[in-house]
2 protein chains.
Amino acid sequence: MAELDQIRERFILHWGEMGSLWGINRTMAQAHALLFISPKPLSANEIMEELQISRGNVSMALRELIAWGIASRVHVKGERREYYTTEKDVWTMFRVIARERKKREVDPTINVLRDSVTELNKMPSAEGQYEREQLQNLLDFFETGVNVYKQLEAQNPNSILKLLGTVLRIKNIAF
Amino acid sequence: MAELDQIRERFILHWGEMGSLWGINRTMAQAHALLFISPKPLSANEIMEELQISRGNVSMALRELIAWGIASRVHVKGERREYYTTEKDVWTMFRVIARERKKREVDPTINVLRDSVTELNKMPSAEGQYEREQLQNLLDFFETGVNVYKQLEAQNPNSILKLLGTVLRIKNIAF
DNA sequence: CCAAGTGTTCAGAAGTTACTGAAATAATTG
DNA sequence: CAATTATTTCAGTAACTTCTGAACACTTGG
C-alpha cells in the first residue's frame with residue numbers, strides 16, 4: 001500500500017512539473033493527476049489532504065480545471081459535500097485540451113498575423129517585403145495546422161487511431 | 001516606415017505573450033520574433049535597442065535560443081562583433097522545437113509512466129488496478145504520439161504537406 | 001435560528017522567475 | 001602588449017505568480 005502511494009505520488013509530482021513547463025500552474029496539474037488516477041470522485045477535503053495544500057488553493061485549482069473543461073463536479077447521493085472527477089479517457093482529455101489551447105493561443109495568433117499581412121499588403125511594395133513573406137509563411141503554417149485540427153476534432157478516438165495508422169502505413173510505402 | 005515598425009512591434013509583443021503561455025520566457029520569444037522577421041542578422045546591440053532590454057538579458061536570451069537550436073551566430077566579414085540569426089523556414093523551425101520539447105518533456109514523462117506501470121504490474125493483482133489502467137492508457141497515448149512524431153520527423157516539409165493532404169482526403173471519403 | 005460543515009474570494013505573504021548592471025573575461029587591433 | 005571593444009556571468013533586485021488563511025456566504029440538521 002505504501003508502494004502504491006509512492007507510485008501515485010511520483011506520477012502526481014511529475015505531472016505537476018510538466019504542467020509548469022506548459023504554462024499550467026503546478027497545483028492545478030497535480031489536482032488533475034490525482035483525479036485522473038483516482039477510481040472515485042474526490043472531495044475538496046481529500047484533495048487538500050493528499051496534496052497538502054490549502055482549502056482556498058484547492059477551490060481555485062478546481063475552478064480552473066472546470067473552466068478548461070477537464071474536470072467536473074459530481075453529486076454523490078446522500079452526501080452534502082461536492083465531489084470532483086476528471087475526464088478519464090485520454091484521447092478525449094487531449095482533444096479538450098487541444099480545443100482550449102487553440103482558442104486561447106492559436107486563434108489570437110492567427111488574427112494578429114492576418115491583420116499584419118493585410119496591413120503590409122497595403123504598403124508601397126518595396127517596403128516590408130521580407131516581413132510580409134515571413135509573416136505570410138507563419139500564417140500559412142498555423143492555418144494548415146488549424147485545418148488538420150478541425151478534421152481530427154470531428155473523429156472519435158478510434159477513428160483517429162485508424163487515421164494515424166493509415167498515415168504510418170503510407171509513410172512506410174513511400175520511404 | 002512608422003507603420004512598418006508598428007506592425008513589427010505588434011508581432012514581437014504578441015509572440016512574446018505566446019511564449020509565456022508556452023513556458024518560454026517572454027524576452028526569449030521576443031528576440032526570436034525579432035530575428036525571424038529581420039531580413040538580416042542582428043547584433044546584440046541592435047536587439048538590445050529594439051527590445052529595450054539590458055545587454056545581459058540579450059546575452060542570456062540568445063544563449064537559450066541557440067541551445068534550443070533555433071538561432072545561430074553569424075560572422076559578418078570585416079565586422080568584429082557577432083551577429084545572430086534564426087531559422088527562417090517555418091516548418092523546420094517547428095520541427096526543431098518539437099524535437100526539443102519531446103526530449104525535455106515527453107521522454108521523461110514516458111519514462112515515469114513506464115516505470116510506474118512496471119512497478120504496478122508487480123503488485124498483488126487486486127491492488128492498484130485502476131491506477132495501472134489509467135497510467136497504461138496515458139503511456140499508450142504518449143507512445144503513439146512519439147511514433148507519429150518519428151515518422152513525420154524523417155520527412156521534408158513538402159512530404160509532410162502531402163501526408164497531411166492525404167489524411168484530409170481520406171477523412172472526407174470516410175465521413 | 002443557531003451551530004457545524006462546506007465552498008468561495010481575495011489581500012497579503014511566500015516563493016519563483018526574469019532582468020539589470022557591474023565586474024570579469026575574451027577577442028581584436030594599432 | 002596596452003587599449004579598445006565585445007561578450008558572458010552572476011549577485012542582487014525587481015516583477016510576477018502562486019498560495020495561504022481569514023472573512024464571508026451559503027446550506028443543512030437539530
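Below, chains carry the letters A, B, ... as their sequence lines are ordered, and counting in each starts from 1. Every value quoted in this text rests on a predicted model; they were computed, and no experiment measured them.
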Problem set entry | Test item: B:Gln134 side-chain N/O and A:Lys88 main-chain N/O as donor-acceptor pair under 3.5 Å |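 Side chain of B:Gln134 to backbone of A:Lys88: a pair is present.
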Exercise. Between A:Lys102 and A:Val146, is there a donor-acceptor pair closer than 3.5 Å when you use the side chain of the first and the backbone of the second?
Worked result: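 No; judged by distance alone, with no hydrogens or angles, the pair does not exist.
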Exercise. Is the distance from OP1 or OP2 of D:dT8 to the nearest side-chain N or O of B:Arg73 less than 4.0 Å?
Worked result: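 Yes.
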Between [N] ([atom2]) and [X] ([atom1]): distance, integer Å:
X       : N      : atom1 : atom2 : answer
A:Glu64 : C:dT8  : CD    : P     : 13 Å
A:Arg63 : C:dT9  : CZ    : C1'   : 7 Å
A:Glu79 : C:dG5  : CD    : P     : 14 Å
A:Leu65 : D:dT18 : CG    : P     : 13 Å
A:Tyr83 : C:dG7  : OH    : C1'   : 14 Å
A:Arg81 : C:dT6  : CZ    : P     : 4 Å
B:Leu42 : D:dA6  : CG    : P     : 15 Å
B:Leu62 : D:dT9  : CG    : C1'   : 15 Å

Problem set entry | Any residue meeting salt bridge (Lys or Arg N to Asp or Glu O under 4.0 Å) with A:Arg104, in chain and number order, not counting sequence neighbours |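 Scan of A:Arg104 (salt bridge (Lys or Arg N to Asp or Glu O under 4.0 Å), adjacent residues dropped) gives A:Glu100.
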I'd like a table of atom pairs between the protein and nucleotides 25-28 of chain D - only N or O on both sides, under 3.5 Å - with the distance next to each one.
{"from": "D:dT27", "atom 1": "O2", "to": "A:Arg80", "atom 2": "NH2", "distance (Å)": "2.6"}

For this session: Determine whether B:Thr86 and B:Leu65 make a side-chain contact, defined as any pair of heavy atoms from C-beta on separated by less than 4.5 Å.
Result: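 A side-chain contact is absent here, since even the closest heavy-atom pair is not under 4.5 Å.
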Exercise. Between B:Glu143 and B:Arg114, does at least one N-O distance fall below 4.0 Å, as a salt bridge requires?
Worked result: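 Salt bridge: yes.
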Taking only nitrogen or oxygen atoms into account, show me every contact under 3.5 Å that the protein makes with nucleotides 15-20 of chain C, one pair per line with its distance.
{"from": "C:dC19", "atom 1": "OP1", "to": "B:Thr27", "atom 2": "OG1", "distance (Å)": "2.5"}
{"from": "C:dC19", "atom 1": "OP2", "to": "B:Asn25", "atom 2": "OD1", "distance (Å)": "3.4"}
{"from": "C:dC19", "atom 1": "OP2", "to": "B:Thr27", "atom 2": "OG1", "distance (Å)": "2.8"}
{"from": "C:dC19", "atom 1": "O5'", "to": "B:Asn57", "atom 2": "ND2", "distance (Å)": "3.4"}
{"from": "C:dT20", "atom 1": "OP2", "to": "B:Ser54", "atom 2": "N", "distance (Å)": "2.8"}
{"from": "C:dT20", "atom 1": "OP2", "to": "B:Ser54", "atom 2": "OG", "distance (Å)": "2.9"}
{"from": "C:dT20", "atom 1": "OP2", "to": "B:Asn57", "atom 2": "ND2", "distance (Å)": "3.1"}

Problem set entry | side chain to side chain contact (heavy atoms under 4.5 Å, CB included) against A:Glu131, all qualifying residues, sequence neighbours excluded |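 If we apply the side chain to side chain contact (heavy atoms under 4.5 Å, CB included) test to A:Glu131, skipping adjacent residues, the hits are A:Leu120, B:Leu4, B:Arg8, B:Ile37, B:Pro39.
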Problem set entry | Cationic tip of B:Arg101 above A:Trp22 ring, under 6.0 Å, 45° of axis |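 Checked: cation-pi criterion met.
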Exercise. With sequence neighbours excluded, what pairs up with A:Tyr83 under the ring-ring contact (aromatic ring centres under 6.0 Å, His included) test?
Worked result: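 With neighbours one apart ignored, the set is empty.
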Exercise. Taking only residues two or more places apart in sequence or in another chain, which ones pass side-chain hydrogen bond (donor to acceptor under 3.5 Å, both in side chains) with A:Gln129?
Worked result: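 With neighbours one apart ignored, the set is empty.
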